Amino acid sequence: MTGIVLAGGENRRMGTDKAFLHVAGLPIIERILGVLRRVADRIIVVTNAPDAYAAYDVEVITDALDKSGPLTGIYSGLCSSRDEYNVVVACDMPFLNPGLLSYMGGLAPDYDVVLPRIGAYCEPLHAVYRKRLLRVIETRIQQDDRRIQGLLPELRVRYVTEEEIDRFDSRRRSFVNLNTPQEYKEAVCSD
């Protein structure tokens, strides 16, 4: 399995590059890479600032298409992946759980996408995607429909239930993402 980190956001609400904020003494990107190294054979960072990731032992790529957004980032990562199964996470998730990610990877062979669902909300940037989705995703992007949620009804999706999530991460911190200074402050105080 390949790990794909989406780090191409504009960080407007945070005001600084979220991947390099420190949580528990480490930049978030280092925390993410540490977890992904436990579950993935290879790691790809998709970013519009490749020089910022030059010091890390990962493959760094930019978007493969001239359209912004997370679906383009997923597409770009899948294009560069050599594996059929790919765990995709956002660069602002400091509390990823390797057990949960491994469990999701184990579910992947029978589905196109494996993603957690809490209540009615899905976590598409904490999910496992198959490489064979490239054509479907590219068609969506070319039609200027870059909503990940809009893609899901066309696919075989395995939703990871709250009960399954709680076996690995009962506090559900895996899904904490930091978009604002207030969210960052809360994450640092709660760690």
Side-chain angles (χ1 to χ4, degrees), residues 1-11 17-20 27-94 96 98 100-116 122-152 154-158 174 177:
M1 188 160 65
T2 292
I4 298 172
V5 181
L6 303 184
E10 296 178 17
N11 302 298
D17 194 333
K18 298 180 284 189
F20 298 100
I28 295 172
I29 189 63
E30 289 184 26
R31 294 173 61 93
I32 290 170
L33 295 177
V35 170
L36 289 179
R37 284 189 175 103
R38 294 170 63 184
V39 301
D41 300 316
R42 182 170 169 237
I43 299 173
I44 298 169
V45 175
V46 183
T47 180
N48 295 322
D51 291 344
Y53 298 88
Y56 298 99
D57 185 25
V58 296
E59 181 178 349
V60 180
I61 64 167
T62 56
D63 284 335
L65 300 172
D66 190 23
K67 305 262 186 174
S68 63
L71 193 58
T72 299
I74 293 169
Y75 174 82
S76 302
L78 292 177
C79 282
S80 291
S81 175
R82 296 182 211 126
D83 293 312
E84 182 61 27
Y85 306 107
N86 302 272
V87 59
V88 175
V89 297
C91 72
D92 61 356
M93 303 176 91
L96 295 176
L100 178 57
L101 292 173
S102 291
Y103 176 74
M104 291 170 55
L107 298 171
D110 295 325
Y111 301 94
D112 297 319
V113 180
V114 176
L115 70 157
C122 298
E123 296 285 350
L125 298 184
H126 182 289
V128 178
Y129 292 84
R130 290 188 84 148
K131 184 174 175 80
R132 72 178 179 194
L133 293 176
L134 277 170
R135 192 170 291 152
V136 174
I137 295 173
E138 182 177 20
T139 299
R140 280 287 191 166
I141 293 169
Q142 295 302 343
Q143 293 170 345
D144 213 24
D145 184 357
R146 292 176 270 162
R147 298 171 304 117
I148 298 172
Q149 297 290 352
L151 176 70
L152 297 178
E154 297 178 35
L155 308 176
R156 292 178 307 140
V157 179
R158 168 58 156 85
S174 294
N177 64 330

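Just so it is clear, the structure is predicted and the values come from calculations on it, not from any experiment. For the single chain, residues carry numbers from 1 onward in sequence order.
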Partner of Ile4 by side chain to side chain contact (heavy atoms under 4.5 Å, CB included), out of Ile74, Asp83, Val46: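 For Ile4, the side chain to side chain contact (heavy atoms under 4.5 Å, CB included) check succeeds only for Val46.
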Pair Asp63-Thr72, side-chain donor/acceptor within less than 3.5 Å: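 No, because no side-chain N or O of Asp63 sits under 3.5 Å from a partner of the opposite role on Thr72.
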Of all heavy-atom pairs between [X] and [Y], which one has the smallest distance, and what is that distance?
{"X": "Leu101", "Y": "Met1", "answer": "O-CE, 4.3 Å"}
{"X": "Asp92", "Y": "Ile32", "answer": "N-CD1, 4.2 Å"}
{"X": "Ala19", "Y": "Tyr53", "answer": "CB-OH, 3.3 Å"}
{"X": "Cys91", "Y": "Ile28", "answer": "O-CG2, 3.3 Å"}
{"X": "Asn86", "Y": "Arg130", "answer": "ND2-C, 4.4 Å"}
{"X": "Ala40", "Y": "Gly3", "answer": "CB-N, 3.4 Å"}

Side chain to side chain contact (heavy atoms under 4.5 Å, CB included) between His126 and Leu100, worked out: CA-CA 10 Å; His126 182 289; Leu100 178 57; 3.8 Å; yes
Can you tell me how far apart [atom1] ([X]) and [atom2] ([Y]) are? Round to the nearest 0.5 Å.
{"X": "Thr139", "Y": "Leu133", "atom1": "OG1", "atom2": "CG", "answer": "11.5 Å"}
{"X": "Asp145", "Y": "Arg140", "atom1": "CG", "atom2": "CZ", "answer": "4.5 Å"}
{"X": "Glu154", "Y": "Ile137", "atom1": "CD", "atom2": "CD1", "answer": "10.0 Å"}
{"X": "Asn177", "Y": "Leu125", "atom1": "CG", "atom2": "CG", "answer": "8.0 Å"}
{"X": "Asp41", "Y": "Thr2", "atom1": "CG", "atom2": "OG1", "answer": "7.0 Å"}
{"X": "Asp57", "Y": "Arg37", "atom1": "CG", "atom2": "CZ", "answer": "6.0 Å"}

Non-neighbouring partners of Ser80 that pass side chain to side chain contact (heavy atoms under 4.5 Å, CB included), sequence neighbours left out: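 So Ser80 forms a side chain to side chain contact (heavy atoms under 4.5 Å, CB included) with Ile44, Glu59, Ile61.
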Residues that Glu138 engages under side chain to side chain contact (heavy atoms under 4.5 Å, CB included), provided they are two or more places apart: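 Counting only residues at least two positions away or on another chain, Glu138 forms a side chain to side chain contact (heavy atoms under 4.5 Å, CB included) with Tyr75, Gln142.
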Stepwise side chain to side chain contact (heavy atoms under 4.5 Å, CB included) test for Leu134 and Cys79: CA-CA 7 Å; Leu134 277 170; Cys79 282; 3.6 Å; yes
Can you list, pair by pair, the side-chain donor-acceptor contacts under 3.5 Å of residues 104-113, counting residues two or more places apart and other chains?
| residue | atom | partner | partner atom | Å |
| --- | --- | --- | --- | --- |
| Asp112 | OD1 | Arg132 | NE | 3.4 |
| Asp112 | OD1 | Arg132 | NH2 | 3.2 |
| Asp112 | OD2 | Arg156 | N | 2.8 |

Check whether any side-chain N or O of [X] sits under 3.5 Å from a backbone N or O of [Y] as a donor-acceptor pair, and report yes or no.
{"X": "Thr62", "Y": "Asn48", "result": "no"}
{"X": "Ser102", "Y": "Val39", "result": "no"}
{"X": "Arg31", "Y": "Pro94", "result": "yes"}

Heavy-atom side-chain contact between Tyr129 and Ile148 under 4.5 Å: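 Heavy-atom side-chain distance check passes, below 4.5 Å.
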Close side-chain approach of Leu115 and Leu152, heavy atoms under 4.5 Å: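 They are in contact (side-chain heavy atoms under 4.5 Å apart), so the answer is yes.
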Glu84/Lys131 salt bridge by N-O under 4.0 Å criterion: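 Salt bridge flag = no for Glu84 with Lys131.
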Neighbour count >12 (heavy atoms, 6.0 Å) for atom CG, Asp144: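 Yes, the 6.0 Å shell around CG holds more than 12 heavy atoms from other groups.
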